[in-house]
Amino acid sequence: VVTFTSASTAEHLARQLGTTRFKRLFSRAAAASIGPVTTRALRLLGARECIQAARADDAALVSAIAGRFSRATHP
């Protein structure tokens, strides 16, 4: 999981990696987003799986990630 706290962090990483490497990374890794604007940017950049926090704060982001993986291991 790679966490993003703003759309600009996603855009900067995509620019540093290049489009192909960014999409390849997120074909295997999940992106975790602090909110809907960041999730939208990640999807536009090619991230397929986006875990989104319910509120725009660190605790909610951690909770969303934990919730996603606890469901994956304990359906």
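Heavy atoms only: backbone and side chains are in, while hydrogens, waters and symmetry mates are out.
Judged as a side chain to side chain donor-acceptor pair (under 3.5 Å), and not counting sequence neighbours, D58 has no contacts.
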Could you tabulate the donor-acceptor pairs under 3.5 Å formed by side-chain atoms of residues 21-33, not counting sequence neighbours?
| from | atom 1 | to | atom 2 | distance (Å) |
| --- | --- | --- | --- | --- |
| S27 | OG | R24 | O | 2.7 |
| S33 | OG | G35 | N | 3.1 |
| S33 | OG | G35 | O | 2.7 |
| S33 | OG | T39 | N | 3.1 |
| S33 | OG | T39 | OG1 | 2.8 |

List, one per line, each side-chain donor-acceptor pair under 3.5 Å for residues 1-10, sequence neighbours excluded.
| from | atom 1 | to | atom 2 | distance (Å) |
| --- | --- | --- | --- | --- |
| S6 | OG | S8 | OG | 3.0 |
| S6 | OG | T9 | N | 3.2 |
| T9 | OG1 | S6 | O | 2.7 |

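The OG atom of S70 lies 12.0 Å from the CD1 atom of I65; values are rounded to the nearest 0.5 Å. In this structure, CZ in R68 is found 14.5 Å from CD in Q52, a value given to the nearest 0.5 Å. Within the model, atoms CD1 of I34 and CD1 of I51 stand 13.5 Å from one another, a figure rounded to the nearest 0.5 Å. Interatomic distance, L45 CG to R40 CZ, rounded to the nearest 0.5 Å: 12.5 Å. One distance of note links CG of L17 with NE2 of H12; it measures 13.0 Å at 0.5 Å rounding.
Between the S63 side chain and the A59 main chain, no donor and acceptor come within less than 3.5 Å of each other.
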